[in-house]
Novice: 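Take a look at the following structure, please.
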Amino acid sequence: LVARQFDPDQRLFTGEPVRLAPGVAAFSISPDGTVAYRTGVSTGLGTAGVRQLVWLDRSGRPLSTLADAQTAGPPVLSPDGQHVAIYRAGDIWILDTTRSGRIRLTTNPENDAFPIWSPDGGRVAFQSYQKGLAGEIYVKSAAATGPEDVVLSTPDVTHPMDWSPDGQFVLYRTQPQGSNTLQWNLWAVAVDGKSKPFPVVQTPFREGAARFS
């Protein structure tokens, strides 16, 4: 975290930068000039820190690592445990847990995130900004072949949460455009696109991290 004097009339910096603290992930400045800050790495979607994926046993003891340390979002394990989907540098990547290989699932220039697996492990659903909307959900073959099919397109913000065991529906949380940032609801949409999205849980509160039984 660095500070530098600034002349608001001339709109120019003056003097040399002064280093306040190293390794700052977030900070705030009070009116009297006191700075409060948190160290570590940012965990926001677009600024995830460098992380190492590690296998643990049920007691929490590290067993082995998966792939190299990298900037990546939360891992999502495939139903058979053979692959892991991660968010990395704006795209979805698939890691092989047995051979330490990897494939890039998405290649479009827009941001793709929040991957979830189909029950058979053959497809991955994810959020994408391909049309400039935060409410797009696409489905693509986990082998990174074939087209990316649009499952949902809406101006509301959406995050895929889970895929139903029968393979028919994707559960997602959504935030209506212009709503309070704490107002998240749970909706579902048919993967085949033959029916309209429908609400699952709608309250004045914040819903998320939903899973099918």
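Only this structure's heavy atoms are used, side chains among them; waters, hydrogens and symmetry mates stay out.
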Novice: Within a reach of under 6.0 Å around CZ of Arg211, are more than 12 heavy atoms found that belong to other residues, nucleotides or ligands?
Specialist: yes

Novice: Using a cut-off of 6.0 Å, state whether more than 12 heavy atoms not belonging to Gln5 lie near its atom CD.
Specialist: no

Novice: Take atom CZ in Phe205; do more than 12 heavy atoms of anything else shown fall under 6.0 Å from it?
Specialist: no

Novice: Distance from Thr14 atom OG1 to Asp7 atom CG, nearest 0.5 Å?
Specialist: 6.5 Å

Novice: Under 4.5 Å between side-chain heavy atoms, hopping through other hydrophobics if needed: is there a path connecting Trp187 to Val201?
Specialist: no

Novice: Hey, does Gln82 have a side-chain heavy atom less than 4.5 Å from the side chain of Thr98?
Specialist: yes

Novice: Where do Gln127 and Tyr172 land on the side chain to side chain contact (heavy atoms under 4.5 Å, CB included) test, with the steps shown first?
Specialist: CA-CA 10 Å; Gln127 177 208 40; Tyr172 63 95; over 6 Å; no

Novice: As an exercise, state the distance from CG of Leu56 to CG of Leu63, rounded to the nearest 0.5 Å.
Specialist: 7.0 Å

Novice: Check step by step if side chain to side chain contact (heavy atoms under 4.5 Å, CB included) holds for Ile94 and Val124.
Specialist: CA-CA 10 Å; Ile94 305 295; Val124 175; 4.3 Å; yes

Novice: Answer whether the closest heavy-atom distance between the side chains of Trp163 and Val191 falls below 4.5 Å.
Specialist: yes

Novice: At their closest point, which heavy atom of Tyr138 faces which heavy atom of Glu148, and how far apart are they?
Specialist: CD2-O, 3.7 Å

Novice: So, taking the atom named CD1 in Ile116 and the one named CG in Leu171, what distance separates them when rounded to the nearest 0.5 Å?
Specialist: 8.0 Å

Novice: Going only through I, L, V, M, F, W and Y residues with side-chain contacts under 4.5 Å, is there a path from Val76 to Phe126?
Specialist: yes

Novice: Would you please indicate yes or no on a ring centroid separation below 6.0 angstrom for Phe6 and Phe13?
Specialist: yes

Novice: Which atom pair, heavy atoms only, marks the closest approach of Val189 to Pro197?
Specialist: CG2-CG, 4.0 Å

Novice: Could you report the tightest heavy-atom contact between Leu186 and Glu207, atom names first, then the distance?
Specialist: CG-CB, 3.6 Å

Novice: Between Arg88 and Arg104, is any pair of side-chain heavy atoms under 4.5 Å apart?
Specialist: no

Novice: For the CG atom of Leu66 and the CZ atom of Arg102, what is their distance to the nearest 0.5 Å?
Specialist: 8.5 Å

Novice: When you group the ILVMFWY residues by side-chain heavy-atom contacts below 4.5 Å and let the links chain together, are Val18 and Val24 in the same group?
Specialist: yes

Novice: Ignoring hydrogens, what is the shortest heavy-atom contact between Val151 and Ala190? Give both atom names and the distance.
Specialist: CG1-O, 3.8 Å

Novice: Please check if the side chain of Gln130 supplies one atom and the backbone of Glu110 the other of a donor-acceptor pair under 3.5 Å.
Specialist: no

Novice: Taking all heavy atoms of Ile103 and all of Ala144, pick out the closest pair and write down the distance.
Specialist: CD1-CB, 4.1 Å

Novice: Between Ser128 and Asn108, is a side chain to side chain contact (heavy atoms under 4.5 Å, CB included) present by the stated rule, with each step listed?
Specialist: CA-CA 9 Å; Ser128 181; Asn108 71 81; 4.2 Å; yes

Novice: For the residue pair Phe114 and Thr158, establish whether any side-chain heavy-atom pair is separated by less than 4.5 Å.
Specialist: no

Novice: Could you pull out the closest heavy-atom pair between Ser118 and Gly122, with the gap in Å?
Specialist: OG-N, 3.2 Å

Novice: Specify whether Trp117 and His83 have parallel, tilted or perpendicular ring planes, treating 30° as the upper limit for parallel and 60° as the lower limit for perpendicular.
Specialist: tilted

Novice: In Å and rounded to the nearest 0.5 Å, what is the CD1 to CG distance from Ile86 to Asp91?
Specialist: 10.5 Å

Novice: Using a 4.5 Å cut-off on heavy atoms from C-beta on, say whether the side chain of Val170 contacts that of Leu152.
Specialist: no

Novice: Once rounded to the nearest 0.5 Å, what's the spacing between atom CZ of Arg206 and atom CH2 of Trp184?
Specialist: 7.0 Å

Novice: Keeping the roles fixed (side chain from Lys140, backbone from Leu105), state whether a donor-acceptor pair exists under 3.5 Å.
Specialist: yes

Novice: Would you say Arg4 has more than 12 foreign heavy atoms packed within less than 6.0 Å of its CZ?
Specialist: yes

Novice: Could you tell me whether Phe212 atom CZ has more than 12 heavy atoms of other residues or ligands within 6.0 Å of it?
Specialist: yes

Novice: So does Val54 get a backbone contact from the side chain of Thr65, meaning a donor-acceptor N/O pair under 3.5 Å?
Specialist: no

